[in-house]
Amino acid sequence: MKLATWNVNSLTVRLPQVLEWMQAVKPDVLVLQEIKQLTEAFPLDAIREAGFHALANGQKTYNGVATISRWPLNDPVTEIPALGDAQRRVLATTINDLRVINLYVPNGQSLESDKYRYKLGWLAALRDFLAAELKDHEYLAVLGDFNIAPEDRDVYDPADWGDDVLCSAPERAALQELIKLGLVDVFRQFEQPEKIFSWWDYRAARFRRNAGLRIDLILASPALARLCTTSYVDREPRSWERPSDHAPVVAEFSLW
DNA sequence: ATGGTGGTCCAACCA
């Protein structure tokens, strides 16, 4: 079973790239963030034509998530309970015996911003939601754009980035609260080359210089993490014409 | 030292 996450920065623009990538890599489940379109604008016909099922939780202009799967998607949840968030950033679905929680964590903008406080509150509510979901699902994956680089080795130049947003101690601590629930960052279960990132700012030729961060994560429940056989970032789509600023991240499991 | 680029949608916001 091959699971993948990709922040596409507008599915309207990136649909051809998503279809091409799916054809080449053949994921069983692909979760998308920043589709930047209403649910009713999601290109369901094109996804079906490619042989997949899908559900979307969309929003005009900003945010929006969708989950694409070779098998039907059940029991959708589009909200973190008790958060009352107007922004479309969550889509939990059940695919066979696997619970898949697709996340677009708030960016936070800067440590002084209201958006940063919103990010920390969002992550606190997420923790409680995931604690409940873990009780109900042995095989649980939580994946998406976390907008947090877990450690300094996930940053191109930790001294240059400092403790700015995406790397600050409070957000890293909030991520550790998810890890304490038992979730495992499966990418780090395997030996990896140095300087592997999943996002490179469009500005200042950061992709050319590999000045990126690893902020797109695949977390797995203990039972699912034990079945993980590999995890990697596929840099190739970031090098295509008119790319997303994120690359897809993949994990494979001995499941199904 | 400040601004880079790109998406949405056309002025300004978000990342």
Side-chain angles (χ1 to χ4, degrees), chain A residues 5-21 30-43 46 56-66 83 85-91 102-123 126 143-150 154-168 170-172 174-175 197-217 233-249:
Chain A
T5 178
W6 194 2
N7 179 324
V8 292
N9 187 21
S10 170
L11 186 57
T12 307
V13 171
R14 232 67 69 187
L15 178 63
Q17 295 188 18
V18 170
L19 293 172
E20 182 176 346
W21 187 79
L30 170 62
V31 306
L32 305 176
Q33 301 84 37
E34 284 202 274
I35 63 171
K36 293 187 171 179
Q37 63 194 173
L38 291 166
T39 300
E40 50 266 41
F42 180 81
N57 182 20
Q59 178 184 336
K60 190 174 164 63
T61 308
Y62 300 118
N63 311 313
V65 291
L83 186 59
D85 190 4
Q87 302 185 19
R88 307 290 81 200
R89 297 178 174 278
V90 174
L91 180 57
N102 175 5
L103 298 181
Y104 177 45
V105 176
N107 173 285
Q109 195 166 64
S110 71
L111 304 200
E112 304 77 32
S113 172
D114 286 342
K115 297 190 181 72
Y116 182 73
R117 282 180 281 279
Y118 161 68
K119 181 181 196 175
L120 294 179
W122 198 96
L123 287 164
L126 173 67
L143 70 169
D145 179 358
F146 281 72
N147 269 316
I148 303 169
D154 300 309
V155 181
Y156 68 100
D157 182 348
D160 183 53
W161 196 275
D163 60 354
D164 209 345
V165 73
L166 313 188
C167 293
S168 70
E171 34 191 329
R172 281 179 167 172
L175 179 61
F197 308 121
S198 66
W199 167 78
W200 302 259
D201 198 303
Y202 287 120
R203 296 167 285 190
R206 284 184 185 261
F207 182 64
R208 184 181 55 71
R209 300 188 286 117
N210 195 31
L213 275 67
R214 188 177 71 94
I215 58 176
D216 298 272
L217 309 178
V233 176
D234 183 0
R235 286 174 52 96
E236 196 197 315
R238 186 62 178 80
S239 70
W240 292 348
E241 285 290 310
R242 211 179 174 190
S244 168
D245 46 351
H246 294 251
V249 181

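Computed from a prediction, not measured in an experiment: that's the story for all the values here. Each chain gets a letter, A, B and so on, in the order the sequences are listed, and its residues count up from 1.
One atom, CG of A:D145, and another, C1' of B:dA15, lie 10 Å apart when rounded to the nearest Å. Atom CZ of A:R14 is separated from atom P of B:dT8 by 8 Å (rounded to the nearest Å). Remark: P of B:dA12 and OH of A:Y62 are 12 Å apart, rounded to the nearest angstrom. Following rounding to the nearest Å, A:Q87 (CD) and B:dC14 (P) show an atom-to-atom distance of 9 Å. Between A:I35 atom CD1 and B:dG7 atom P there is a gap of 16 Å when expressed in whole angstrom units. If you measure from atom OH of A:Y118 to atom C1' of B:dA15, you get 14 Å, rounded to the nearest angstrom. The CG-P distance, from A:N9 to B:dG6, rounds to 11 Å in whole Å. If you measure from atom NZ of A:K60 to atom C1' of B:dC13, you get 14 Å, rounded to the nearest angstrom.
Considering only side-chain atoms of A:K36, the nucleotide from B:dA15, B:dG4, B:dG7 that sits closest is B:dG7. Candidate nucleotides B:dA15, B:dT8, B:dG4 were compared by shortest atom distance to the side chain of A:T12, and B:dT8 ranks first. For A:R203, counting side-chain heavy atoms from C-beta on, the closest listed nucleotide (B:dG6, B:dT8, B:dA15) is B:dA15. Nearest to the side-chain atoms of A:Y202 among the listed nucleotides B:dT5, B:dC9, B:dA15 stands B:dT5. Distances were taken from every side-chain heavy atom of A:A204 (C-beta onward) to each of B:dG7, B:dA15, B:dG4; the shortest belongs to B:dG4.
B:dG6 sits 24 Å from B:dT2 when the P atoms are compared, rounded to a whole Å. B:dA1 and B:dA12 have their C1' atoms separated by 25 Å, with the value rounded to a whole Å. Rounded to a whole angstrom, the distance from the C1' atom of B:dC13 to that of B:dC9 is 11 Å.
Across all strands shown, B:dG3 forms no Watson-Crick or G-U wobble pair with both key distances under 3.5 Å.
For the pair A:R238 and A:F207, the distance from NZ or CZ to the six-membered ring centre is under 6.0 Å and the angle to the ring normal is within 45 degrees.
A side-chain donor-acceptor contact under 3.5 Å links A:R14 to the backbone of A:N9. Using a distance-only test at 3.5 Å, with no hydrogens or angles considered, a donor-acceptor pair links the side chain of A:E171 to the main chain of A:L166. Proximity of a side-chain donor or acceptor of A:S10 to a complementary backbone N or O of A:I35 within less than 3.5 Å is not detected.
The closest side-chain heavy-atom distance from A:D245 to A:D201 is not below 4.5 Å.
Taking for each of A:S10 and A:W199 the nucleotide of DNA chain B with the nearest heavy atom, the 5'-most of the two is the partner of A:S10. For the pair A:N147 and A:V13, nearest-nucleotide mapping onto DNA chain B gives the more 5' position to A:V13.
Residue A:R242 places at least one side-chain N or O under 4.0 Å from the OP1 or OP2 atom of B:dG7.
For B:dG4, the O4'-C1' to base torsion is within 90° of 0; the nucleotide is therefore syn.
Residues A:S113 and A:Y118 have side chains that never bring a donor and an acceptor to within less than 3.5 angstrom of each other.
If you check every strand for non-hydrogen atoms under 4.0 Å, A:Y104 touches sugar and phosphate atoms only. Within 4.0 Å of A:R238, counting heavy atoms only, lies no atom of the nucleic acid at all.
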